[in-house]
Structures are given as structure tokens and as C-alpha cells.
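Quick notes on the structure that follows.
Just so it is clear, the structure is predicted and the values come from calculations on it, not from any experiment. For ligands, and for the atoms within them, numbers begin at 1 and follow the listed sequence.
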Amino acid sequence: MEEGDKIISLFSGCGGLDLGFKKAGYDIVFATDYAEFLKETYDENHETELEVEDIRELDYDSLPDCDGIIGGPPCQSWSLAGNHLRGSEDERGAVFYNYIEIIEHKKPKFFVAENVPGIISKSNIEEFKEIIEKFKEIGYDVKYKKMNASYYGVPQERKRVIIVGIREDIDFDYEFPEGSDEKMGQEVLRGMPESKPTEGEPHDLEDLELPNHEHYVGGYSSRYMSRNRVRSWDEPAYTVQANARHQKIHPKAPKMTKIEKDNWKFKEGHEDKYRRYSIREAAKLQTFPDDFNLKYDKVRDGYKMIGNAVPVNLAKAVAESIQGNLRKEKATIKEFT
Ligand SMILES: C[S@@+](CC[C@H](N)C(=O)[O-])C[C@H]1O[C@@H](n2cnc3c(N)ncnc32)[C@H](O)[C@@H]1O
């Protein structure tokens, strides 16, 4: 990796995207998010300290020089979940435009943005195309792709739209990484010690065999019980959620039994096997390393950090694909000089 591949991370969360870029050899020189509760976790696990600031208040001139900007503006307002199809009229959606302003101000060689598939759904696609046009207006060639993390070394079915912009004066055609032919199963969870149940208060660390290896217990809503929520060992897990209550069931339990349409139950005689993933397991399904320690006062914040993250291995695959292309471009220049 040549010197100078510096990254500004916006909407950093606990830094899944950042870690993937770091593993690919980039340096994160600045990271920011407005959620104070993330800071301890971010600072403990990354070399850069998290700047806690609302992006709308960020002083663009204070940002360091960089080669790339990465970030995942909030997805709530674009999400298909719960039919919240409000698009950028919603204030949280409008934050996307701050992201564009920062890119225009810093003019990095490239940027990467991540969002939920809802951003390119029928109801949002027109607005999405407007966003793409804006990126073009400020001088970027933009490509996007709905990627399923399970083809990129992630044991989880997680579809996300990745948007990559390359500054138009840089002469190469970005291509998304190909990924493998087969989806990854959940074998990474095998052999782990049993996790500890909690209703929301974290255990003392000494109480846990592995850090963050505690799972939320609480009622299962009728919505939760309207589908099977168990994937077997050889299948990728369902998408890791940001909400403690919505975590799916560990694969040691058999698949659920259908009673009727939208009404399922735990398999009779096996009820004791059903429990949600622990935070540590959710982190493993998001391909965070085992030494990535999460700090939180409420168990729900642990799940939230992990569930909001870009899987590290997916981020790394995207990071490497850009790096490869940049190298290609440099090699081409060399050939002709
Ligand atoms: C999808 S998460 C990003 C996850 C992160 N890229 C990762 O891989 O771990 C979006 C983040 O945007 C932050 N956020 C939302 N609105 C913001 C704002 N106005 N200013 C700064 N951060 C904001 C949230 O706190 C959240 O952590």
C-alpha cells in the first residue's frame, strides 16, 4: 500500500466500514458520528478517536486532507422495514445532502456510501437517481450495486446498496468485486461457550466467558412469531438487526413450525433451545474480530452498534476493489511515461 491513502469516515458508528478499509491497508485519519454512546467503543478499537458531532454542524474546513471519504448516512428514512418510505423529505434523509457537500468541499479521489436496499426500491428510485445526478454534477463517476454480504466472506444474508464514486479526472472504470459462488454458513459460531441471558442490563465482564457474549431475553412479538426465525448451521444467518428484540435465533434450535399463515411456533419438545444471538455472536456474523470489544451500559446499545455496521469483510472486499483499480490506473500511467 502506498503512502497517502487516507480516509475520512463519516457516520462512522462503531466502525465496521472503517475496519474493513483498515484491513485493506488504508488509514482512517478522521472519524465522526453524532451518537455519544459509540465513542468508548470506537476509541477502544480504532487508532483514531471518534469526533462526536452532528454532520450538520461539522466545520468542513477543519477536516484533514484525504484520498477517500467513506460513510453510511442514516438508513431509517430509506428503509423498507415498517413501511417508512419517506425519502429525503424526512430530515434524516436530507442528511445525505450534507454528505454530498462534504465530498464537493474535499474532492477526494473516491467515496463509498452504503445504504439499505430500500434506497433503490420503486418508491425511492427517482430520488436515488437525483442523488446520483448530484454526485455527477460535483465531478464523480458513480456506480452502485446491491451486494449480498454472504458472497463476500460474511456468514449472513445481508443485502446493502454500495455506492462508489471515482473523481472523474481519474481515468479508470470502477468494477465491483465479484464475490464467491457460494453463500457462507454459520460455522464460525460452532464451539463457542454458551452465552448468558439478560433482560437488558449487561453482565459484569468477569461473569462472561467471552466479552459481550450475552443474549437478550424478552417476549417474542406476534410479528416475530409470524415467520421462521432460525437458519441452520450450513445456511447464512438472517440479517443481523440493530434492535435487541428483533435478533434472530441461534442455529442450535431446530427450524420453527408453521401453525398457519403468519403464525409460527417453536418446535415442540425443543423450546429450551431457542434463544437470540448474543452480541458477540452478532458481531461474529458481522465478521468483527473477537478482540473487538464493545462498551455499553445497556445491552440494546451493544446490539445497535453491531446491527448498524457494515460487515467488516464486505467493507474489506469493496476497499480492496478500489485499491486494485487505483493501482491499475497508476500502472497504466507508468507504462506511457
Ligand atoms: C448505518 S450507521 C453507520 C455504520 C457504520 N458505517 C459502520 O460500518 O459501523 C449510521 C450512523 O449515522 C449516525 N448519524 C445519523 N445521523 C447523523 C448526523 N446527523 N450526524 C452524524 N451522525 C449521524 C448514526 O449515529 C449511526 O451511527
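Panel note: side chain Arg245, backbone Gly219; a donor-acceptor pair is recorded below 3.5 Å. Proximity of a side-chain donor or acceptor of Tyr26 to a complementary backbone N or O of Ala319 within less than 3.5 Å is detected.
At a 4.0 Å cut-off, at least one heavy atom of Glu53 sits close enough to ligand 1 to count as contact. Using a 4.0 Å cutoff on heavy atoms, Leu58 does not count as a contact of ligand 1.
Below 4.0 Å from some heavy atom of Gly16 lie the following atoms of ligand 1, by number and element: 7 (C), 8 (O), 9 (O). Set against the non-hydrogen atoms of Leu38, the atoms of ligand 1 under 4.0 Å away are 27 (O). Atom numbering of ligand 1 starts at 1 in the shown order; those under 4.0 Å from a heavy atom of Gly13 are 27 (O).
Residue Gly15 has at least one nitrogen or oxygen atom sitting less than 3.5 Å from a nitrogen or oxygen atom of ligand 1, judged on distance alone. An N or O contact shorter than 3.5 Å is missing between Glu114 and ligand 1 by distance. Between Ile55 and ligand 1, at least one N/O pair is under 3.5 Å apart. Here's the thing with Leu17: one of its N/O atoms is less than 3.5 angstrom from an N/O atom of ligand 1. Considering both main-chain and side-chain atoms, Ala35 never comes within under 3.5 Å of ligand 1 through any nitrogen or oxygen pair. Geometrically, ligand 1 and Asn308 share no nitrogen or oxygen pair separated by less than 3.5 Å.
Tyr277 and Gln186 are linked by a side-chain donor-acceptor pair at a separation below 3.5 angstrom, with hydrogens and angles left out of the test.
The residues Arg227 and Asp262 are annotated as salt-bridged, a charged nitrogen and a carboxylate oxygen being separated by less than 4.0 angstrom. Salt bridge present: Glu201 and Lys298 bring a charged side-chain N and a carboxylate O closer than 4.0 Å.
If you look at Ser9 next to ligand 1, there are no close heavy atoms at all, none under 4.0 Å.
When the side-chain hydrogen bond (donor to acceptor under 3.5 Å, both in side chains) test is applied to Ser278, the partners found at least two apart in sequence or on another chain are His213, Glu281. Shown here are the side-chain hydrogen bond (donor to acceptor under 3.5 Å, both in side chains) partners of Lys22, two or more places apart in sequence or in another chain: Asp27, Glu47.
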inquiry  = Applying side-chain contact (heavy atoms from CB on, under 4.5 Å) to Glu53 and Tyr34, what does each step give before you reach the verdict?
reply    = CA-CA 4 Å; Glu53 188 78 77; Tyr34 72 176; 6.0 Å; no

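For atom 8 (O) of ligand 1, the nearest non-hydrogen atom from the set Val310, Asp18, Asp33 comes from Val310.
Counting heavy atoms from C-beta outward, Lys145 and Val161 have side chains that stay 4.5 Å or more apart.
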